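Structure first, then comments.
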2 protein chains.
Amino acid sequence: MEQNLENSMALLERTPATLNAWLRDLPVAWTNCNEGGKTWSAYDVVGHLVHGEKTDWMPRARIILNLGESRAFDPFDRLAQFRDSKDKSLGELLDEFAKLRAENLRQLRGLGLHPEDLGRRGRHPALGLVTLSELIAAWVGHDMTHLHQISRVLAHQYREATGPWSAYLGVLQCTGHSA
Amino acid sequence: MEQNLENSMALLERTPATLNAWLRDLPVAWTNCNEGGKTWSAYDVVGHLVHGEKTDWMPRARIILNLGESRAFDPFDRLAQFRDSKDKSLGELLDEFAKLRAENLRQLRGLGLHPEDLGRRGRHPALGLVTLSELIAAWVGHDMTHLHQISRVLAHQYREATGPWSAYLGVLQCTGHSA
C-alpha cells in the first residue's frame, strides 16, 4: 500500500482518542509500570508522543519544504519526556497530545500538498536522504509502534498472572523491538 | 503484578471504546487489509473478539464456578469470525462487541467473587488445570494481544512507504506471534 495522504491523516487523527479511551483514568498500577530497567511505561510513551508533535514530524516536514536537502533535521530527543513530563498528570499529557496532534494535522492540511510535493527530499541526520512521503508514513508507523508498545507493557504486568495461558498470548512472546 | 479483579475490569471495560476510537469509519484500505496469506485484518480481529465474548471468557468462568474440574471447557473456535462476521459491517461488529463486553462485565461483577473464589479451578481442554484468576488475567492478555496485532497489521500496510525509517519502527520488526 502506497502512502496516501488522506489515509495517513485518517489514522493519525485517531491516535489521541484511541489513547484517551484506553488510558485515561486507568489505575496507575497499569499506566506507571514498565517492562523493567529503563523501559517505558504507558505514561512515558504518551510524553514521548507529545514531544514528537512539538519537535519531530511537522518541523521536519517544514525543513523539507523550505530547505530541502541543504539542512539536516535536528536529531530527535528520545528521552525528552523524562524531563518534560515532570509534574504533569497522564490526563494532562493526553490533553496536550490531542491538542498538538489536531493542530499539526490542521497545518499539514493547510500546506495543500500536491502529489509531486510528496517526493521532495530532506536529509535525516542518521538515515540520509528521505522523502516527505516517507516522513509522513513514518509518522503513522511511529504511532503504531507506540500503540504496539503500550499493549505489550500492559500485558507484561500480567505475565505471571495468566499462568499456562501465557503460551497462547502473542503479546507476551513479543521481545520489545521498540524499547 | 498479581491479578486484581478491579484492575482487570478497568482494562477490559476500556477495550471496546479503544477499538471504536481507532477503527470506526477508518478507510477500508486500513481495516480490510491483513499481513498476507491467511493472516487477519483488523476487521477479522474485531469479529474474533465478538466470538470470544459469546463463547469463551464468561462461559468458562461459569463452568469453573458451577462444575469445577469435572468438565473441560469447550474448545474455542479461533476461526468462527470468518463464518459469523459475514454480512456485518465493522461498525456493527464494534457495536456488538461493546454491548457483549459491557454485559459480560456486568455479569462478572454480579457474581460477587471473593478472593478465595479466584483460586477455584477448571480444566482447559489443552492447557489442563487453570484457575479462575488465570482465566480473567488471560482475558486481559487476550485483549492486549489483539490490540498489539491490530497495530502491527496496520503498520504493515506502510512497510515499504516508510522507506529507511522502517529500521527504526519497532512494530515493523515484530514477527507476528499472535497470527
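What you see is a predicted model, and the numbers here were worked out from it, not measured in a lab. In what follows, chains carry the letters A, B, and so on, assigned in the order in which the sequence lines appear, proteins first and then strands, with residues in each chain numbered from 1.
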| How long is the span from the CH2 atom in B/W165 to the CD atom in A/E134, to the nearest 0.5 Å? |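 Answer rounded to 0.5 Å: 7.0 Å.
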| query | From B/L147 CG over to A/R152 CZ, what is the distance, rounded to the nearest 0.5 angstrom? | reply |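 Result: 13.5 Å between the selected atoms.
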Contacts with chain B made by [range] (heavy-atom distance under 4.5 Å), listed by residue number:
| range | result |
| --- | --- |
| residues 98-116 of chain A | none |
| residues 7-31 of chain A | A/N7, A/S8, A/A10, A/L11, A/R14, A/A17, A/T18, A/A21, A/W22, A/R24, A/D25, A/L26, A/P27, A/A29, A/W30 |
| residues 50-77 of chain A | A/R60, A/F73 |

| According to the interplanar angle, ranging from 0 to 90°, do the rings of B/H148 and A/H148 count as parallel (below 30°), tilted (30 to 60°) or perpendicular (above 60°)? |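 Taking A/H148 first and then B/H148, their aromatic rings lie parallel (interplane angle under 30°).
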| field | For chain A, the option from B/V140, B/L172, B/I150 that forms the most heavy-atom pairs under 4.5 Å | value |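 Answer, by heavy-atom pair count under 4.5 Å with chain A: B/V140.
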| Can you name the closest pair of heavy atoms from B/L129 and A/P164 and give their distance? |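 So the two residues come closest at O-CG, 4.3 Å.
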| message | Side-chain heavy atoms nearer than 4.5 Å, only ILVMFWY residues, links allowed to pass through others: does that put A/V153 and A/W40 together? | response |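 No, it is not one cluster - the side chains of A/V153 and A/W40 are not joined through contacts under 4.5 Å.
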| Interface moiety of B/H156 toward chain A, non-hydrogen atoms closer than 4.5 Å |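 Neither part; nothing is under 4.5 Å.
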| task | Could you look at B/Q157 and say if it's the side chain, the backbone, both or neither that has a heavy atom under 4.5 Å from chain A? | result |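 Both parts, backbone and side chain.
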| query | Relative to chain B, which segment of A/E160 carries a heavy atom at a distance below 4.5 Å: side chain, backbone, both, or neither? | reply |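 The answer is neither part of A/E160.
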| salt bridge (charged side-chain N to carboxylate O under 4.0 Å, His left out) with A/R120: which residues, sequence neighbours excluded? |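 Testing A/R120 for salt bridge (charged side-chain N to carboxylate O under 4.0 Å, His left out), a comparison that skips the adjacent residues, returns A/D117.
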| Among A/M144, A/H146, A/H142, A/Q149, whose side-chain contact (heavy atoms from CB on, under 4.5 Å) with B/V171 holds? |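 Result: among A/M144, A/H146, A/H142, A/Q149, A/M144 is the only option passing the side-chain contact (heavy atoms from CB on, under 4.5 Å) with B/V171.
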| Just wondering, are more than 12 heavy atoms of other shown residues or ligands nearer than 6.0 Å to CZ in A/R121? |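 Atom CZ in A/R121 is not crowded, with 12 or fewer foreign heavy atoms closer than 6.0 Å.
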| request: For the pair B/Y168 and A/L127, evaluate side-chain contact (heavy atoms from CB on, under 4.5 Å) and give the outcome as yes or no after the intermediate values. | output: CA-CA 10 Å; B/Y168 283 8; A/L127 297 171; 3.8 Å; yes
| query | Highest number of heavy-atom pairs under 4.5 Å with chain B: which of A/I136, A/L154, A/L135, A/D143? | reply |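 Option with the greatest count: A/L135.
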